[in-house]
Amino acid sequence: MLYKGFFSDGGRILAITAPGPGAGEDFFPTFVQLSFGAAAPIHEVEFRKGFEEAFSTRMDADEARLMWNASSRSVEIAAIRLTEEQRLAKLLRTRATDFLSTVVKDFTTDGGAVLQADKDGGTGFANRLVIRFGSHAPVFSKPFREDMEEKICARMGADAVEASWNVAQHTVEVYALTLSREEKLSRTLKRNAEAFLNTMLPGFTADKGHISAAGAGTRNGFPHLLEVSFGPSAPLYDEAFRDGLEEKLRARMGVDAVSATWDIAAGTLTAQGRDFTARERAEHNAFERAKVLLTRLFGRVPLRIEVPEYHEFGGIKDLLVPTRVLMSYGSTTLDGSDLFKRRLEAVAALKFGGRWQANFDSVNDQGVLEPKPEMPTMARHPGLSLYPKREGIPKSQTLYYGVDEAGNNRGWDVGTKSTMPHALIAGPTGGGKTTVLRSLVMGAVACGMPVLAADPKRIELSPFVGFPGIWVATAPEDMANLIDSVHALMHKRNNQTEAANVTKQPQPVFEPVLVILDEYLILRQLLNKLWKEPVEDENGKTRKRTGDHEAFGQIQGMLALARSSNIHIVIGIQRPDASHFEQGARDNMQQRIALMRTSPQASRMLWNNDWAGTDLPLIQGRAMAAPDGLDPIEMQTFWIDDPINADGVDRETIEAFRARAHENFDGRSLPINVASFTLKPVTVDHANLPRPETAHGTEPAPAPAASVSASDALVDEQSVRCDELFPQDTVKIESDTFTVTAIDQDESDPGYLNLTLEDLYGAEQSMVLSETDWVTRVTDLSAESEGDGVSWVRDNE
């Protein structure tokens with residue numbers, strides 16, 4: 001039945017011994033010797049296996065042992081009785097063989113076999129296996145070996161396995177391992193970390209990368225400490241790769257930060273994850289915020305920042321902002337752009353609070369962003385300590401007017417060699433322009449430099465009337481005479497210089513003269529009004545002159561030629577429009593001082609950009625100035641009171657200057673005759689003079705001025721923001737004059753105002769303007785000029 005052609009092919013039974021009990025009533029031998037005919041396929045494995053299984057069952061034995069003799073084409077079959085241990089080993093080997101046949105293709109037919117299987121772990125499967133793989137099994141492949149280990153471990157139900165491979169002989173011995181909780185966790189973490197790195201860096205394990213250690217706390221099944229060895233193909237020299245992997249590790253660890261130590265030469269990384277304290281988290285948030293803001297400004301240029309320290313913003317403990325930001329960046333020309341620097345400063349001020357400044361080291365591609373130094377909101381004039389006594393006429397002198405951000409006293413260098421022979425002072429009413437003029441005046445007389453001033457408002461410099469070395473003109477005729485006299489002095493000195501050159505004589509040394517023309521717009525209005533009054537010509541006929549007063553042509557000429565004659569002109573004006581300075585005369589005034597916050601238009605006029613001074617704090621005396629004639633810097637100008645209202649320390653300072661001025665000017669002849677255009681004050685009792693109450697550091701109210709006749713009525717125009725307007729203010733909009741009758745917040749946008757305006761004919765109209773828009777406010781100065789108190793008379797009256 002087992003082989004139907006057995007007897008017909010010449011097969012025969014050679015021996016039968018030791019009959020044993022068979023199934024039912026039959027008996028079957030426990031030993032059989034057979035001889036096969038020529039057609040029997042005794043060389044086939046399946047044929048032999050079938051005989052083994054069939055005889056084992058029929059003999060009712062644990063197994064049948066077959067001994068084949070290929071040369072005699074015979075086989076001896078003996079029944080084998082096994083012990084319990086042997087039966088278990090056979091069962092475990094059979095189960096292992098069946099399992100491997102399902103996970104390895106052609107395992108048994110390829111010659112694979114389970115050589116040993118023992119130590120049942122209670123799962124019905126061996127805890128130890130010795131396996132021989134067939135010749136076609138890819139045992140040389142690491143993934144194959146790792147896959148086998150993982151599948152055998154799962155079938156054993158073990159925590160882990162330890163495998164000893166003999167690749168040359170295609171064998172492996174596998175032991176099941178029972179691990180402690182810590183060991184299980186470590187292996188799980190290592191496996192998860194390896195899987196993660198294979199995702200982030202495809203081919204990580206195939207490139208011989210591996211995890212040396214994984215542990216030290218866990219979150220989301222991932223280690224907080226990793227020691228990684230990378231394969232030779234990993235791009236460790238790429239900084240972007242390293243930064244990116246650190247960030248991905250941080251996110252996968254679920255921690256606040258990762259401290260990474262790279263050894264690029266050895267191809268290793270040690271990464272330690274950690275959580276922040278409350279302070280560290282606040283610092284990290286501040287750092288990331290600064291990084292995002294600045295990176296956007298630098299665009300595609302690589303940027304690294306460092307923040308040495310932080311401080312609390314607004315007293316909120318967990319809200320920090322950088323105290324200082326260090327920057328290093330890739331090659332770029334952005335660091336040479338004033339506009340880019342301004343953008344950095346503006347963003348820092350907006351996001352970090354306060355006022356910031358950016359400075360760059362363009363050669364080394366580095367920069368620093370830091371708060372501007374704190375400046376005083378009020379700086380009293382240091383007095384005569386700035387002006388030590390000097391003998392003779394100095395070739396140059398500095399007229400100090402304020403302190404810079406570093407606390408240094410700064411001023412205007414005047415003299416025949418000065419590159420800034422003339423000065424322009426701009427600023428709105430109440431901004432501190434008058435105190436700058438007072439500083440220049442005091443500095444000039446302390447140096448023995450006569451001051452000739454035109455004060456068309458009759459309130460700014462008039463308190464200096466009678467002060468040694470200072471002569472003030474206020475009436476239109478007198479101011480025109482002053483300008484004409486200085487113009488004539490300039491030509492006289494220039495003629496002397498020319499004569500010395502022709503005769504080869506030494507150059508004459510001229511004493512310096514300071515000329516102040518305050519409120520230039522009002523001066524132009526007054527003199528042009530005087531110029532257009534009817535006059536009689538040489539024939540007795542009345543005629544009217546046209547155009548500007550001749551004094552303005554003289555001023556233009558002096559701005560161009562007066563330096564060599566040691567005459568220095570200061571022009572004070574609220575807004576330095578080019579229309580007030582013909583043929584580029586404004587360019588000859590390189591010493592510039594702009595008080596208070598300026599509009600972008602005024603900044604463009606003064607500094608050729610749209611931002612210098614537009615963010616100055618609204619502090620009286622704060623200014624953008626160019627003491628070196630280069631880029632403007634922020635300064636706090638000196639506070640100095642007027643000679644009439646001063647008291648206390650201010651009085652002591654002024655009296656010290658007065659004493660020095662007496663020394664310099666008593667008995668001294670002046671370069672021009674001032675008697676025809678200067679005022680002489682009446683006697684004033686300073687001790688009993690009423691004094692207005694003022695806040696510390698705030699400029700007191702000006703001294704009362706002389707009455708102005710109706711014919712001399714004039715107006716003052718100021719550039720103001722819309723949010724500084726009040727009802728009943730008079731404004732000019734596109735050359736038309738209106739009275740503001742009502743100011744309402746715009747309902748659709750809080751940043752805009754709805755102005756109700758009434759024109760000269762009583763017609764009303766509405767206009768919506770931004771709070772930051774600038775308009776021209778018109779003030780009737782004739783009303784302001786009226787009053788009683790100190791009165792003035794001219795010397796020649």
Side-chain angles (χ1 to χ4, degrees), residues 45-46 49 89-121 123-179 183-214 221-223 226-235 267-268:
V45 174
E46 291 297 326
K49 186 176 181 181
K90 179 181 178 181
L91 176 61
L92 294 178
R93 190 166 59 249
T94 300
R95 288 177 178 174
T97 302
D98 292 342
F99 166 72
L100 289 168
S101 296
T102 63
V103 297
V104 180
K105 185 179 181 181
D106 300 328
F107 174 69
T108 56
T109 57
D110 188 36
V114 178
L115 304 180
Q116 294 183 40
D118 51 29
K119 296 185 180 179
D120 182 3
T123 61
F125 201 82
N127 275 2
R128 174 180 173 272
L129 290 175
V130 179
I131 307 168
R132 182 186 68 234
F133 291 90
S135 59
H136 293 96
V139 294
F140 290 96
S141 168
K142 183 178 179 181
F144 171 79
R145 298 196 302 271
E146 292 175 344
D147 183 57
M148 283 297 98
E149 292 174 19
E150 184 176 349
K151 289 177 178 177
I152 291 171
C153 179
R155 184 65 185 86
M156 286 179 172
D159 296 329
V161 295
E162 182 177 330
S164 299
W165 289 86
N166 188 330
V167 177
Q169 296 182 8
H170 277 224
T171 62
V172 61
E173 184 177 2
V174 184
Y175 287 91
L177 299 178
T178 301
L179 304 177
E183 290 174 325
K184 289 179 184 178
L185 177 61
S186 178
R187 285 176 176 261
T188 301
L189 294 178
K190 184 176 179 180
R191 185 167 55 251
N192 291 346
E194 193 170 84
F196 169 77
L197 287 171
N198 273 310
T199 303
M200 294 296 101
L201 186 62
F204 168 72
T205 52
D207 192 34
K208 299 182 179 179
H210 68 278
I211 308 295
S212 303
F222 203 83
L226 272 180
E227 294 180 5
V228 186
S229 294
F230 293 88
S233 299
T268 63

>> Quick one, C153 and L177 - any side-chain contact, counting heavy atoms below 4.5 Å?
In response: no
> To the nearest 0.5 Å, how far apart are CD1 in I131 and CH2 in W165?
Replying inline: 7.0 Å
>> Looking at every heavy atom in both P202 and T199, which two are closest together, and how far apart are they?
In response: CD-O, 4.0 Å
> Out of curiosity, L91 CG to F125 CZ, how far, rounded to the nearest 0.5 Å?
Replying inline: 10.5 Å
> So how far is it from L92 CG to R128 CZ, rounded to the nearest 0.5 Å?
Replying inline: 12.0 Å
> Nearest heavy-atom pair of L129 and A117: which atoms, and what distance?
Replying inline: CD2-CB, 3.5 Å
>> I want to check something: taking the side chain as every heavy atom from C-beta on, are F99 and R95 in contact at a cut-off of under 4.5 Å?
In response: no
>> Could you report the tightest heavy-atom contact between A113 and F107, atom names first, then the distance?
In response: N-CZ, 3.3 Å
>> Looking at E162, I'd like to know if its CD atom is crowded, meaning that more than 12 non-hydrogen atoms belonging to other residues, nucleotides or ligands lie closer than 6.0 Å.
In response: no
> About how many Å separate CD of E227 and NZ of K190, when rounded to the nearest 0.5 Å?
Replying inline: 11.0 Å
>> As a quick check of understanding, evaluate side chain to side chain contact (heavy atoms under 4.5 Å, CB included) for L197 and I211, giving each step before the final call.
In response: CA-CA 9 Å; L197 287 171; I211 308 295; 3.3 Å; yes
>> In terms of relative ring orientation, are F204 and F230 parallel, tilted or perpendicular, with 30° and 60° separating the classes?
In response: perpendicular
> When rounded to the nearest 0.5 angstrom, what is the spacing between CG in N198 and CG in D207?
Replying inline: 10.5 Å
>> Return the OH to CG distance between Y175 and N127, rounded to the nearest 0.5 Å.
In response: 11.5 Å
>> side chain to side chain contact (heavy atoms under 4.5 Å, CB included) for V103 and L100? Distances and angles first, verdict last.
In response: CA-CA 5 Å; V103 297; L100 289 168; 4.2 Å; yes
> Which atom names give the shortest non-hydrogen contact between V139 and R145, and what distance separates them?
Replying inline: O-NH1, 3.0 Å
> Quick one: does V161's side chain get under 4.5 Å of M156's, heavy atoms only?
Replying inline: yes
>> Apply side chain to side chain contact (heavy atoms under 4.5 Å, CB included) to residues V104 and D110 and explain how you reach the verdict.
In response: CA-CA 10 Å; V104 180; D110 188 36; over 6 Å; no
>> Take a 6.0 Å sphere around NE2 of H136 and say whether it holds more than 12 heavy atoms from other residues, nucleotides or ligands.
In response: no
>> Please determine whether side chain to side chain contact (heavy atoms under 4.5 Å, CB included) holds for the pair V130 and R132, giving the CA-CA distance in whole Å, both sets of side-chain angles, and the decisive distance to 0.1 Å.
In response: CA-CA 7 Å; V130 179; R132 182 186 68 234; over 6 Å; no
> Is the number of heavy atoms from other residues, nucleotides or ligands under 6.0 Å of K105 NZ greater than 12?
Replying inline: no
